[in-house]
Amino acid sequence: MIKVFNTMSGKKENFVPLTPGKVNMYVCGITAYDVCHLGHARSAIVFDIIKRYLRYRGYKVTHVRNITDIDDKIIARAAQDGTSTDAVAKKYANEYYRDMDLLGVSSADLQPNATDHISEMIEAIEVLIEKGYAYPVDGDVYFEVSKFSGYGKLSKKNVDDLLSGARVDIDERKKSPLDFALWKSSKEGEPWWESPWGKGRPGWHIECTAMSSKYLGESFDIHGGGADLIFPHHENEIAQSEAYSDKPFVKYWMHNGFITVDKEKMSKSLGNFFTIKEILDKYEPEVVRYFLLSAHYRSPIEFSDVQLNEAELSIDRYYTTVLRIGDFLESAGAKEKLPQSEELVGLLSSFKDKFHHAMDDDFNTASALGFIFELIREVNRFLDSKPSGQKAKDLVARTKELLAEVGGILNIFNKTPVEWYRSLIAIKKIELSEDDLLQKIEERQEARKQKNWEAADAVRKELDEIGIILEDKSDGTAWKVRVG
RNA sequence: GGCGACGUACCCAAGUGGUAAGGGAGGGGUCUGCAAAACCUCGAUUCAGCGGUUCGAAUCCGCUCGUCGCCUCCA
């Protein structure tokens, strides 16, 4: 049984979708007004993995991820750049899709834009007005928070506290400072759409109500996003959606934690952010994914080079072992020899259960990675015991299969070792062609044959200086890239 | 001020009632021409502190200290 932490209840709950075998999932994407930073990547990667795991467990998942392509920030950006909001939104949405692609995040099944759903939003707003939950003022339309009795149930806030907090803007035209805009009249020079209340544009929250109900129905299973969306965005979505449909909006609310820098939330306004592009210039996408999966998705995770380097080391340990497995499968002798196989056999039979157990428990990727490295150690230990024969090969091949299977779900560990090293050469900007490298290794082999250790060591030192490490093995010399 | 989360070894991190996963760094060793990798081994009698519940708590409850987040746009 999969357990999911539901922000609404504050507890882990058994995951039982509304329709057996089917999961409808809506995840808030981005507002397209600037390039994305690592925080955006975390949300995308976390929910991508959740989707992959649910599919692996047999659910038919429909995943919707929206793009907000009209809002104040986009308007401001367009004015600043002397271009249209449309051009700004398109540009940064495309940047986002490119970043996600580089990071290995699969695209959602539906990636709707807010501006393609204006009529649905207007329709929803009309219903809210009819039902007495919203009121128009001078071309704006506001949602009347006091009319919705459940307001605050997600973010655990009560209306009185919010009112006394006094950090809400004072607008005389609103009945209450807590009321939020469903529709905003357009000012001179701003983009607009025709509506029953005049020319204007939608407020931020209503798009998610309109698009989620259109594509997933008025009630659906999972709604996700960063924890900073809990209030007010998701709280407001609930108010609008449930007022509109009189049905429970979402069964499981899931929110990922923040990325921090020096313990502080990475954010635009603090200026302490790193863009995805900056990071991918220094690190393999797989390293970034591993790093983000190495902590539970709800925990804060501290961004630093030390952390990324450790992730790189861990992945390298994985590929080093895969290389070793490959060598063994190619060259193992025929004579049946199985010293010390019990532990590996035992782990092979329990491994999937352990992995499932970790992932079933609110997608505990950090724990799952622990089990993967347990298996890595066990197979290394087995190989150290110098086994041979078909049975040994079967065990090792089985290990390789299992590792590939779970790696596929986490979307890491899916390269060949050589691809990993090649990729590292590129990312670390090592200026040496693979041909030249192999040439040098060849030269060194000659020297070694003649027991000319000085010459052999000189080659190794030369390569070491540019970040290439050589490993002498019984049947030749392998190369790898220094990591960490 | 209100609400919420977190505090596990040198660093990162899992563990939510049954006696501390995993990765990195470090000491010692096996292997090796030397290395590297791999493996073995050492390393928290202890989970911020203090009380309480329990046969038993890192895990539940209370208080204290510390850190962070939300309450305004924010993944």
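Remember, it's a predicted structure, so these values are computed and weren't measured experimentally. Lettering of chains follows the sequences in order, A, B, ..., and the numbering in each one begins at 1. Reckoned from all heavy atoms, side chains included, excluding hydrogens, waters and symmetry mates.
- Regarding contacts with the backbone of B:A38, a side-chain N or O of A:R317 is found under 4.0 angstrom from either OP1 or OP2.
- Within the structure, a side-chain polar atom (N or O) of A:N364 is placed less than 4.0 Å from OP1 or OP2 of B:G15.
- Only the P atoms considered, B:C3 is 32 Å distant from B:G18, to the nearest whole Å.
- In this structure, A:L347 and A:E378 approach most closely via the heavy-atom pair CD2-CB, 3.8 Å.
- Nucleotides B:G2 and B:C63 are separated by 14 Å at their P atoms, to the nearest Å.
- For the OP1/OP2 pair of B:G22 and a distance below 4.0 Å, the side-chain nitrogens and oxygens of A:R377 include at least one atom meeting the criterion.
- B:A20 is unpaired under the criterion used here, namely a Watson-Crick or G-U wobble arrangement in which both key atom distances are under 3.5 Å.
- A:F371 comes within 4.0 angstrom of no nucleic acid atom, judged by non-hydrogen atoms across all strands.
- To the nearest 0.5 Å, the span separating CD on A:E446 from CD1 on A:I441 amounts to 14.0 Å.
- Partner assigned to B:C60 is B:G52, using Watson-Crick or G-U wobble distances below 3.5 angstrom.
- Contact detail for A:A332 and A:K393: the closest heavy-atom pair is CB-CE, 3.8 Å.
- If you check B:C39 for Watson-Crick or wobble pairing at under 3.5 angstrom, you find it paired to B:G29.
- Rounding to the nearest 0.5 Å gives a distance of 13.5 Å between NZ of A:K12 and CD1 of A:I2.
- Across all strands shown, B:C6 forms a Watson-Crick or G-U wobble pair with B:G66, both key distances being under 3.5 Å.
- If you take atom P in B:A36 and the same atom in B:G24, they sit 15 Å apart, rounded to whole Å.
- For B:U46, there is no paired base (Watson-Crick or G-U wobble, both distances below 3.5 Å).
- Atom CD1 in A:I468 sits 9.5 Å away from atom CZ in A:R482 (nearest 0.5 Å).
- Under a cutoff of 6.0 Å and an axis angle of 45°, A:K91 and A:Y96 do not form a cation-pi pair.
- When the C1' atom is used for both B:U46 and B:U8, the distance is 9 Å, rounded to whole Å.
- Checked by distance alone, A:E310 brings a side-chain donor or acceptor within 3.5 Å of a matching partner on the base of B:G23.
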Check: protein-nucleotides 3-7 of chain B nitrogen or oxygen pairs below 3.5 Å:
| from | atom 1 | to | atom 2 | distance (Å) |
| --- | --- | --- | --- | --- |
| B:C3 | O2' | A:K156 | O | 3.2 |

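- One C1' atom belongs to B:C34, the other to B:U41, and the distance between them is 24 Å to the nearest Å.
- Where A:N380 and A:E374 each meet RNA chain B at their nearest nucleotide, the meeting point lying more 5' is that of A:E374.
- Heavy-atom distances to RNA chain B give each of A:E302 and A:L313 a nearest nucleotide, and the one nearer the 5′ end belongs to A:E302.
- A:Y290 approaches A:F373 most closely through the heavy-atom pair OH-CE1, 3.3 Å.
- Among the protein residues, A:G39 comes within range of the nucleic acid bases, having at least one heavy atom under 4.0 Å from a base atom.
- The side-chain tip of A:R42 does not point at the ring of A:F258 from less than 6.0 angstrom away and within 45° of straight on.
- Using atom P as the reference point in both B:G52 and B:A13, the two lie 32 Å apart (nearest Å).
- Around the NZ atom of A:K428, the shell of radius 6.0 Å holds more than 12 heavy atoms that belong to other residues, nucleotides or ligands.
- Judged by a 6.0 Å distance limit and a 45° cone about the ring axis, A:K268 is positioned over the six-membered ring of A:F273.
- Taking atom P on both B:G23 and B:A38, the two are 10 Å apart, rounded to the nearest angstrom.
- With a 3.5 Å ceiling on both atom-pair distances, B:C73 lacks any Watson-Crick or G-U wobble partner.
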Q) Along nucleotides 26-35 of chain B, 5' to 3', which nucleotides get a B, which get an S, and which get a -, given that the test is a protein heavy-atom distance under 4.0 Å? A) -------BBB

Donor-acceptor pairs are to be reported for all side-chain atoms of residues 220-239 of chain A against protein atoms at under 3.5 Å, with residues two or more places apart or in another chain.
| from | atom 1 | to | atom 2 | distance (Å) |
| --- | --- | --- | --- | --- |
| A:D221 | OD1 | A:L18 | N | 2.7 |
| A:D221 | OD2 | A:N24 | N | 2.8 |
| A:H223 | NE2 | A:H234 | NE2 | 3.4 |
| A:H223 | NE2 | A:E237 | OE1 | 3.4 |
| A:D228 | OD2 | A:K265 | NZ | 3.2 |
| A:H233 | ND1 | A:H205 | ND1 | 2.8 |
| A:H233 | NE2 | A:E237 | OE2 | 2.8 |
| A:H234 | ND1 | A:H255 | NE2 | 2.8 |
| A:E235 | OE1 | A:L154 | N | 3.3 |
| A:E235 | OE1 | A:S155 | N | 2.7 |
| A:E235 | OE1 | A:S155 | OG | 2.6 |
| A:E235 | OE2 | A:G152 | N | 2.8 |
| A:E235 | OE2 | A:K153 | N | 3.1 |
| A:E235 | OE2 | A:L154 | N | 3.4 |
| A:N236 | OD1 | A:Y151 | OH | 2.4 |
| A:N236 | ND2 | A:H205 | NE2 | 3.0 |

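- The P atoms of B:U59 and B:C42 are separated by 28 Å, rounded to the nearest whole Å.
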